Amino acid sequence: MCLAFPAKIIEKKDLMAKVELSGVTRDVSLMLLPEAQIGDYVLVHAGFAMQIVHQKEVDEMLALFDEMDGAPRTVKNI
């Protein structure tokens with residue numbers, strides 16, 4: 001199983017971006033998502049930004065990640 005994580009683009013130069021999640025930054029390729037802009041949240045997998053996601057989706061994903069790590073449930077059933 002593969003897992004992509006959401007991160008916010010904080011810098012962009014050509015087809016490379018610096019993204020941040022919880023204070024951790026990484027360089028990722030925007031080759032598959034050249035339309036992504038600074039301030040966008042993207043799903044990152046294997047060093048590539050794969051999809052732009054909305055803040056609400058990011059909040060839900062991070063809450064689910066916290067649950068997997070033992071935090072109390074915060075995401076409502078859909």
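If you're wondering where the values come from, they're calculated on a predicted model, not measured in any experiment.
Met50 and Leu30 end up in different hydrophobic clusters when Ile, Leu, Val, Met, Phe, Trp and Tyr side chains are linked at under 4.5 Å. Phe48 and Met61 fall into different hydrophobic clusters, defined by Ile, Leu, Val, Met, Phe, Trp and Tyr side-chain heavy atoms under 4.5 Å apart, directly or through other members.
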Determine all donor-acceptor pairs shorter than 3.5 Å in which one atom belongs to a side chain in residues 3-24; sequence neighbours excluded.
from: Lys12; atom 1: NZ; to: Pro34; atom 2: O; distance (Å): 3.2
from: Lys12; atom 1: NZ; to: Ala36; atom 2: O; distance (Å): 2.8
from: Lys18; atom 1: NZ; to: Asp27; atom 2: OD1; distance (Å): 3.3
from: Glu20; atom 1: OE2; to: Ser22; atom 2: N; distance (Å): 3.2
from: Glu20; atom 1: OE2; to: Gly23; atom 2: N; distance (Å): 2.5

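The distance from the NE2 atom of His45 to the CG atom of Leu32 is 10.5 Å, given to the nearest 0.5 Å. Atom CG of residue Leu33 and atom CD of residue Gln51 lie 8.5 Å apart, to the nearest 0.5 angstrom.
Annotation: side chain of Asp40 is not in contact with side chain of Glu35 (no heavy-atom distance under 4.5 Å).
For Gln55, the side chain to side chain donor-acceptor pair (under 3.5 Å) test picks out Tyr41, Asp59, with sequence neighbours left out.
Screening residues 43-58 for salt bridge (Lys or Arg N to Asp or Glu O under 4.0 Å) gives Lys56-Glu60 as the qualifying pairs, with residues at least two apart or on separate chains.
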